[in-house]
Amino acid sequence: MTTGNLTPDEEAVLEEIEEEGIDFLRLQFTDILGTVKNVSIPASQAEKAFEEGIYFDGSSIEGFVRIQESDMRLDPDPATFAVLPWRKDEDGAAGRLICDVINTTTGEPFVGDPRTVLKSVLAEAEEMGYAVNAGPEPEFFVFEEDEDGRATTTTHDAGGYFDLAPKDLASDLRREIIYNLESMDFEVEASHHEVAEGQHEIDFKYDDGLTTADNIATFRSVVRATAAQSDLHATFMPKPIAHINGSGMHTHLSLFTEDGENAFHDGDDEFDLSEEAYSFLAGILEHAPAITAVCNPNVNSYKRLVPGYEAPIYVAWSDTNRSALVRKPAARVPAASRIELRSPDPSCNPYLALAAMVKAGLEGMKRDLECPDPVRENIYEFDEDKREEYGIETLPGNLGEAVDALEEDEVVQSALGPHVSEKFIEAKRAEYSEYIAEVSEWELDRYLETF
């Protein structure tokens, strides 16, 4: 029995919990670094969670609050309910709800909650008359585990791009991942083996910005949990093995009007792009260095962003080649006109990454920025003089440079908000300082006996 204070969506979740035999619920949220956190509650507490929220200690979460400001509340979003397919058994099943974090002192959404950060930017787009659609292409590696269950860098298969079995031994694993995703209402569009051994890509349909960010966080959990059931380790680390391609998360973006029209489409344009699309694209290009800090957030990200491995490092756009930072994909119908940012990697916090991208694009539209001409040649083959002639800059070469760019970019910082900007920069400065102080095996192999 419910008290009558629930919304129809919340009541529908309670009914589904009963029908599915759910015995535990995982209330999920992410910290500033994008790590999924969860609080597990008995399913019998679901109604209370909807009506009152669930309280937790925010001072224990990376980048949230200090010890004297610790009380936080989780408010579950009923639209995110899903049954966890790998937790179904004779004894019951587990469900998942993604939550918003509430500041109990003010009763307002917590400014350090990444989901709240993205909601704020999406609200800004809505005020301008647009809904944001996003479609990611997350890549990942699958490795074997050792006898102690620890991850190795021994790839599960020896396949290459679009290979079939027997080289692609992970096709059964991808199929199992897809079954699990579809049971959680994902619409999977394609899956295939990627370029490197042990590397894979599963693409799911675009959606509104918030749902897409939720889906990315869920996708990573599903992939890792499904792999673990087969004693394998799936990782979204951008570059786990040297000298082969790293994992990216190309992200497609478009804006739709209140009438459901694609604001990025103009059939009279050479590239089928509207003036709004060009200004949005120009905003992305102008703020690309700071966006990189958010979309490529760890020291390993910059092992992927190097020439020679299909990763985009040049700040330009193109309709014909993939060496540019932004690509304009072919679109069969007007609704499909979009731009594709190719630099993000799947280790990023999806809420903050989308917030940074969208904010930069909206700023370009507000300022009516002029977009440069597309570059149709292979930029990888340009020398420095030719890149200078074309006015093509490069992305930051390491995390330290990227954080410097973020610290100087008021627009991207405003997307994150003062709290998240400060905590994110602080965490990444510490990470980079720790990294540059380390001595690697490469250095020992190269120099220990030489000098």
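Here, residue 1 is the first one in the sequence, and each next residue gets the next number.
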NZ/NE/NH1/NH2 to OD/OE distance under 4.0 Å, [X] and [Y]:
{"X": "Glu137", "Y": "Arg327", "result": "no"}
{"X": "Arg429", "Y": "Asp404", "result": "yes"}
{"X": "Asp383", "Y": "Lys386", "result": "no"}

Look only at the side chain of [X] and the backbone of [Y], and say whether a donor-acceptor pair between them is shorter than 3.5 Å.
{"X": "Thr155", "Y": "Gly198", "answer": "no"}
{"X": "Asn103", "Y": "Glu108", "answer": "no"}
{"X": "Asp113", "Y": "Asp100", "answer": "no"}
{"X": "Asp345", "Y": "Ser347", "answer": "yes"}
{"X": "Thr218", "Y": "Asn215", "answer": "no"}
{"X": "Thr212", "Y": "Ala134", "answer": "yes"}
{"X": "Lys303", "Y": "His243", "answer": "no"}
{"X": "Ser40", "Y": "Asn38", "answer": "no"}
{"X": "Ser301", "Y": "Asn298", "answer": "yes"}
{"X": "Ser337", "Y": "Phe264", "answer": "no"}

Hey, are [Y] and [X] close enough side-chain-wise for a donor-acceptor pair under 3.5 Å?
{"X": "Thr7", "Y": "Asp9", "answer": "no"}
{"X": "Tyr390", "Y": "Glu377", "answer": "yes"}
{"X": "Thr394", "Y": "Arg387", "answer": "no"}

Using every non-hydrogen atom in the two residues, find where [X] and [Y] come nearest and quote the distance to one decimal.
{"X": "Thr153", "Y": "Pro240", "value": "CG2-O, 4.2 Å"}
{"X": "Pro374", "Y": "Ser318", "value": "CB-CA, 4.2 Å"}
{"X": "Leu74", "Y": "Val39", "value": "CD1-CG2, 3.9 Å"}
{"X": "Glu139", "Y": "Gly246", "value": "OE1-O, 3.6 Å"}
{"X": "Asp203", "Y": "Pro136", "value": "OD1-O, 4.4 Å"}
{"X": "Ser433", "Y": "Ile436", "value": "O-CG1, 3.4 Å"}

From [X] [atom1] over to [Y] [atom2], what is the distance, rounded to the nearest 0.5 angstrom?
{"X": "Leu232", "Y": "Thr154", "atom1": "CG", "atom2": "OG1", "answer": "11.5 Å"}
{"X": "Leu325", "Y": "Glu393", "atom1": "CG", "atom2": "CD", "answer": "11.5 Å"}
{"X": "Asp75", "Y": "Phe110", "atom1": "CG", "atom2": "CZ", "answer": "14.0 Å"}
{"X": "Leu352", "Y": "Ile291", "atom1": "CG", "atom2": "CD1", "answer": "13.0 Å"}
{"X": "Tyr179", "Y": "Ile177", "atom1": "OH", "atom2": "CD1", "answer": "12.5 Å"}
{"X": "Ile41", "Y": "Leu27", "atom1": "CD1", "atom2": "CG", "answer": "4.5 Å"}

Can you confirm whether [X] sits close enough to [Y] that some side-chain heavy atom of one is under 4.5 Å from a side-chain heavy atom of the other?
{"X": "Phe271", "Y": "Trp317", "answer": "yes"}
{"X": "Leu281", "Y": "Lys328", "answer": "no"}
{"X": "Val315", "Y": "Leu395", "answer": "yes"}
{"X": "Met357", "Y": "Pro344", "answer": "yes"}
{"X": "Arg115", "Y": "Asp214", "answer": "yes"}
{"X": "Tyr302", "Y": "Pro238", "answer": "no"}
{"X": "Cys99", "Y": "Pro76", "answer": "yes"}
{"X": "Arg220", "Y": "Pro350", "answer": "yes"}

*Please step through side chain to side chain contact (heavy atoms under 4.5 Å, CB included) for the pair Glu197 and Ile244, ending with a clear verdict.*
CA-CA 9 Å; Glu197 293 182 2; Ile244 64 174; 6.0 Å; no
Does [atom1] belonging to [X] count more than 12 external heavy atoms closer than 6.0 Å?
{"X": "Phe382", "atom1": "CZ", "result": "yes"}
{"X": "Glu182", "atom1": "CD", "result": "yes"}
{"X": "Glu407", "atom1": "CD", "result": "yes"}

*Give the ring-plane orientation class for Phe219 versus Phe186, where under 30° counts as parallel, over 60° as perpendicular and anything between as tilted.*
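Tilted, since the angle between the ring planes falls between 30° and 60°.
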*Once the angle between the rings of Tyr432 and Tyr435 is folded into 0 to 90°, is it parallel (under 30°), tilted (30 to 60°) or perpendicular (over 60°)?*
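Tilted.
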*Is the ring centre of Phe29 less than 6.0 Å from the ring centre of Phe56?*
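Yes, close enough.
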*List the steps, then state whether side chain to side chain contact (heavy atoms under 4.5 Å, CB included) holds for Phe424 with Asn349.*
CA-CA 11 Å; Phe424 185 87; Asn349 183 320; over 6 Å; no
*Pair Arg338-Tyr206, side chain to side chain contact (heavy atoms under 4.5 Å, CB included): steps then yes or no*: CA-CA 11 Å; Arg338 63 201 187 276; Tyr206 74 89; over 6 Å; no
_Residues Met249, Ile216; criterion side chain to side chain contact (heavy atoms under 4.5 Å, CB included); working and verdict_ = CA-CA 10 Å; Met249 190 179 72; Ile216 294 170; 4.0 Å; yes
*Can you tell me which residue pairs pass the salt bridge (charged side-chain N to carboxylate O under 4.0 Å, His left out) test with a partner in residues 273-299, sequence neighbours excluded?*
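Applying salt bridge (charged side-chain N to carboxylate O under 4.0 Å, His left out) to every pair that reaches into residues 273-299, excluding sequence neighbours, yields Glu286-Arg367.
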_Could you walk me through whether Asn180 and Thr226 satisfy the side-chain hydrogen bond (donor to acceptor under 3.5 Å, both in side chains) test, starting with their C-alpha distance in whole Å, then the side-chain angles of each, then the deciding distance to 0.1 Å, before giving a yes or no?_
CA-CA 8 Å; Asn180 285 340; Thr226 308; 2.9 Å; yes
*asked:* Taking ring pair (Phe, Tyr, Trp, His ring centres under 6.0 Å) as the definition, give me every residue that meets it alongside Phe81, ordered by chain and number, with sequence neighbours left out.
replied: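 Partners of Phe81 by the ring pair (Phe, Tyr, Trp, His ring centres under 6.0 Å) criterion come out as none, since no residue qualifies.
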